[in-house]
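One structure is given below, encoded as structure tokens.
Count residues from 1 along the sequence.
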Amino acid sequence: MQHDDVVWSIINKSFCSHKVKTDTRTFCRHEYNLTGLCTRRTCPLANSQYATVREENGIIYLFMKTAERSHMPAKLWERIKLSRNFNKAIEQINENLVFWPKYIISKNKQRFLKITQYLMRMRQLKLRRQKLIVPLSTKIERRETRREEKALVAAKIDNHIEKALLDRLKHGTYRDIYNFSQTAFNKALEAERIEDEEDEEEDEEEELEVEREMEVDQEAAELHRDLLSEEFVEAETDDEDDDDDDTQSESGQREEVEMDSDFGHSDDDDDDDDNADADDIEDIKVPGKKSTKTKAKKSTDAAGAAPSTTKRRRAKPKLELEYEYEVETGAEREKVRY
């Protein structure tokens, strides 16, 4: 028969493969240990009546060990599946451990609570989106890049060979000796048709561009012709007199204007002597320059004009002033005094 005190004395004082000593505590690595500590009440080897809670593949079980099965090591531990409902699982623990020490019952309940909590956290993390870290081997990557480069070179060589064979077939090098596949021949014809269509589209675009340029050039030429054929009309000036004389002085020439002695007085005020103190000095308006004519008209006018006018120098118009003085006689002065 198994004697618990003898077993504990051997384990505690001599050697135990599950014992782990540290500076502060001594721990137990046995898988059926209830608390993970190496003590007399929690040692699964030195207690013939023992119970613990374990989790296997997400399912929680209650393991019980009794002295009646100590002679059968294969059937030493009895396993009971606990419910996923927390309250029902606590009731199952209480029912199966009715006559067991209260210390073991309380520790089993605490262990069951911790296991349920970490299972819930595991499920939440599993449902959450996670990043998958995939290790990459540099050796495999280098090998794949070399294979890709070789495949590209081989594909280019195959395409060149295919083009060369099709060109020979078109030129009639082989005549009727060889039988080529119809699919390759049709493929080549389709490629040629597509190239011809692209060339035609490019030619049409070039023609449209040339036509647009020609239209723009024609419009510019017409506009230039209109400008050359247009006659510029001389604008009327403000210095023209209201008389019936049609003769006009040429632009840029100086003219002498004769003014009457009664300049500065209106016709209605000739008889009044009180208005004698009117403007004494008036500026003589010089006729402004008239609008320029075209080169053709200038040449004709210059030919008909006097040689003195053709050889004159361009000079600024001068301003001529005339002054009027009024002399009072002695009789008029006496009248003003009285």
Side-chain angles (χ1 to χ4, degrees), residues 4 7-8 11-12 15-70 72-149 151:
D4 296 340
V7 173
W8 174 248
I11 290 171
N12 189 24
F15 173 76
C16 180
S17 60
H18 303 290
K19 187 187 293 186
V20 178
K21 288 186 179 182
T22 60
D23 296 337
T24 56
R25 299 295 297 270
T26 304
F27 297 99
C28 181
R29 292 183 297 185
H30 198 279
E31 57 183 356
Y32 288 99
N33 194 301
L34 186 59
T35 59
L37 300 175
C38 184
T39 58
R40 176 70 179 83
R41 286 197 291 182
T42 59
C43 183
L45 300 176
N47 290 289
S48 57
Q49 190 180 16
Y50 198 81
T52 186
V53 177
R54 290 187 62 199
E55 176 262 328
E56 294 179 357
N57 299 325
I59 300 170
I60 303 172
Y61 296 97
L62 174 65
F63 289 86
M64 295 184 298
K65 172 187 174 183
T66 56
E68 289 79 12
R69 293 192 298 272
S70 60
M72 292 183 293
K75 299 179 181 179
L76 185 62
W77 293 91
E78 182 184 357
R79 189 176 72 173
I80 298 169
K81 183 179 178 180
L82 298 177
S83 176
R84 299 188 67 177
N85 189 355
F86 185 79
N87 295 326
K88 290 182 179 180
I90 294 294
E91 289 178 1
Q92 288 177 349
I93 291 170
N94 290 329
E95 289 176 358
N96 290 291
L97 303 177
V98 177
F99 304 106
W100 292 59
K102 291 183 180 180
Y103 177 78
I104 292 177
I105 295 171
S106 62
K107 290 296 179 183
N108 277 298
K109 290 179 181 178
Q110 290 177 7
R111 190 175 176 85
F112 174 73
L113 178 61
K114 290 291 180 183
I115 291 171
T116 52
Q117 287 176 354
Y118 81 68
L119 285 175
M120 289 171 66
R121 286 197 297 272
M122 286 172 64
R123 291 191 186 99
Q124 290 175 0
L125 292 171
K126 191 71 176 176
L127 294 172
R128 194 182 300 172
R129 184 178 292 177
Q130 296 177 355
K131 293 181 180 179
L132 182 63
I133 299 172
V134 180
L136 297 175
S137 178
T138 55
K139 183 178 178 181
I140 295 170
E141 287 183 354
R142 276 189 268 111
R143 184 175 63 198
E144 293 296 330
T145 51
R146 284 199 304 271
R147 287 179 179 176
E148 288 177 0
E149 291 174 358

For residues 21-38, which residue pairs qualify under salt bridge (Lys or Arg N to Asp or Glu O under 4.0 Å), counting only residues two or more places apart or in two chains?
Glu31-Arg54
Taking only residues at least two apart or on different chains, which pairs with a member in residues 115-133 satisfy salt bridge (Lys or Arg N to Asp or Glu O under 4.0 Å)?
none
Side chain to side chain contact (heavy atoms under 4.5 Å, CB included) involving [X] - partner list, sequence neighbours excluded:
X     : value
Cys16 : Ile11, His18, Lys19
Glu55 : Ile115, Tyr118, Leu119
Ala46 : Val7, Trp8, Arg40, Cys43

Could you name each residue pair satisfying side chain to side chain donor-acceptor pair (under 3.5 Å) that touches [range], not counting sequence neighbours?
range            : answer
residues 75-90   : Glu56-Arg79
residues 59-68   : Thr66-Arg69
residues 132-143 : none
residues 96-115  : Asn94-Lys109

Tell me, please, which residues at least two apart from [X] pass side chain to side chain donor-acceptor pair (under 3.5 Å).
X     : answer
Ser48 : Asp4
Thr39 : Thr42
Asn12 : none

Keeping the roles fixed (side chain from Asn47, backbone from Gln49), state whether a donor-acceptor pair exists under 3.5 Å.
no
Atom CE of residue position Met120 - does it have more than 12 heavy atoms of other residues, nucleotides or ligands inside 6.0 Å?
no
State, with a plain yes or no, whether a side-chain heavy atom of Phe63 is found less than 4.5 Å away from one of Tyr50.
no
Met64 side chain reached by Leu97 side chain, heavy atoms, under 4.5 Å
yes
[atom2] on [Y] to [atom1] on [X], rounded to 0.5 Å:
X      : Y      : atom1 : atom2 : answer
Leu76  : Ser70  : CG    : OG    : 7.0 Å
Cys38  : Leu45  : SG    : CG    : 9.5 Å
Ile80  : Gln92  : CD1   : CD    : 8.0 Å
Thr116 : Phe112 : OG1   : CZ    : 5.5 Å

Which heavy atom of Ala51 sits nearest to which heavy atom of Leu34, and what is that distance?
O-CD1, 3.7 Å
